[in-house]
Amino acid sequence: MFTGIIETLGIVKEIQKDNDNIHVKVSSTITNELKIDQSVAHNGICLTVVAISNDEYTVTAIRETIEKTNLGDWKVGDLLNLERAMKLGDRLDGHIVQGHVDQTGICKLIEEANGSWYFTFEYDQQLNNITIEKGSITVNGVSLTVVNSKENEFSVAIIPYTYEYTNFKSFKIGTKINLEFDVVGKYVARLSSLRQ
């Protein structure tokens with residue numbers, strides 16, 4: 001379990017395909033604190049550390065993860081939002097995040113708003129995921145509040161701190177992002193589909 005509060009950024013150093021799997025080597029300031037078998041969220045994707053060497057560590061993604069996330073689009077040099085699993089007893093500053101990406105979305109609009117930014121994302125509504133106005137959403141692992149919720153799109157407001165310390169600063173129109181919808185929203189969507 002995660003909170004969606006990003007600890008640091010990592011840099012993709014190497015990508016290696018191995019049959020249906022992808023091994024990703026990441027450089028990060030938290031590498032020396034990691035252990036083999038530890039779960040770390042990368043752009044919201046929960047991945048297991050399988051190797052550590054100096055300030056770099058390796059994680060492996062299987063086909064299902066690659067198909068449901070933007071991991072297959074990662075390139076050497078990309079910035080990744082990183083968060084280690086939460087500890088019992090810690091404050092829950094964001095919201096409950098599983099690290100299981102529901103689907104990807106596309107950045108549709110970026111608006112500067114006098115020192116902050118509004119980002120609008122579009123997603124495929126056929127997968128029965130929904131956003132709720134003022135509810136929570138995880139975008140590339142970042143816990144955010146939904147504004148302007150619509151049937152297949154929503155916006156989030158980004159403060160300067162979040163912009164600086166996450167990979168939001170590298171987003172452009174058309175950037176593919178990972179989405180994990182709020183557990184409450186998933187429950188509401190499931191109830192809705194059962195009633196139809």
Exercise. Does the side-chain contact (heavy atoms from CB on, under 4.5 Å) test come out yes or no for Val50 and Thr58, once each step is laid out?
Worked result: CA-CA 6 Å; Val50 297; Thr58 303; 3.9 Å; yes
Measure the spacing between [atom1] of [X] and [atom2] of [Y] and express it to the nearest 0.5 Å.
X: Glu180; Y: Ile45; atom1: CD; atom2: CD1; value: 11.0 Å
X: Lys17; Y: Ile66; atom1: NZ; atom2: CD1; value: 8.0 Å
X: Thr69; Y: His100; atom1: OG1; atom2: NE2; value: 12.5 Å
X: Leu9; Y: Ile30; atom1: CG; atom2: CD1; value: 10.5 Å
X: Glu122; Y: Asn152; atom1: CD; atom2: CG; value: 5.0 Å
X: Ile110; Y: Trp117; atom1: CD1; atom2: CH2; value: 10.5 Å

Exercise. Where does the angle between the aromatic ring planes of Phe121 and Phe171 fall among parallel (under 30°), tilted (30 to 60°) and perpendicular (over 60°)?
Worked result: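 It falls in the perpendicular class, over 60°.
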Within a reach of under 6.0 Å around [atom1] of [X], are more than 12 heavy atoms found that belong to other residues, nucleotides or ligands?
X: Asn32; atom1: CG; result: yes
X: Tyr163; atom1: OH; result: yes
X: Glu33; atom1: CD; result: yes
X: Lys169; atom1: NZ; result: yes
X: Asp18; atom1: CG; result: yes

Between the side chain of [X] and the main-chain N/O of [Y], is any donor-acceptor distance below 3.5 Å?
X: Thr31; Y: Asp55; result: yes
X: Asn43; Y: Asn81; result: yes
X: Asp78; Y: Val12; result: no
X: Glu151; Y: Gln125; result: no
X: Glu133; Y: Ser149; result: yes

Which heavy atom of [X] sits nearest a heavy atom of [Y], and at what distance?
X: Ile158; Y: Ser116; result: O-CB, 3.2 Å
X: His42; Y: Trp74; result: CB-CH2, 3.8 Å
X: Phe119; Y: Cys107; result: CD2-SG, 4.2 Å
X: Thr8; Y: Thr29; result: OG1-OG1, 3.3 Å
X: Val24; Y: Ile22; result: CG2-CG2, 3.8 Å
X: Ala41; Y: Phe2; result: N-CE2, 3.6 Å

Side chains of [X] and [Y] in contact at under 4.5 Å (non-hydrogen atoms):
X: Asp37; Y: Thr48; value: yes
X: Thr166; Y: Asn140; value: no
X: Ile177; Y: Ile106; value: no
X: Phe168; Y: Leu144; value: yes
X: Tyr57; Y: Val40; value: yes

For this session: State, without any angle test, whether Glu153 and Thr120 hold a side-chain donor-acceptor pair at a distance under 3.5 Å.
Result: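 There is no such pair between these side chains.
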Exercise. When you check the side-chain N and O atoms of Gln103 and Asn129, is any donor under 3.5 Å from an acceptor?
Worked result: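 Yes, side-chain donor-acceptor contact under 3.5 Å.
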Exercise. Do Tyr123 and Phe181 have ring centroids that are under 6.0 Å from one another?
Worked result: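 Ring-ring flag for Phe181/Tyr123: true, centres closer than 6.0 Å.
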For this session: Indicate, with yes or no, if Tyr118 and Tyr161 share a hydrophobic cluster defined by side-chain heavy-atom contacts under 4.5 Å among Ile, Leu, Val, Met, Phe, Trp and Tyr.
Result: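 No; tracing contacts between hydrophobic side chains, which count when under 4.5 Å, never links both residues.
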Exercise. Out of Val147, Val146, Asp182, which one pairs with Thr131 under the side chain to side chain contact (heavy atoms under 4.5 Å, CB included) rule?
Worked result: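 Single pass found, and it is Val146.
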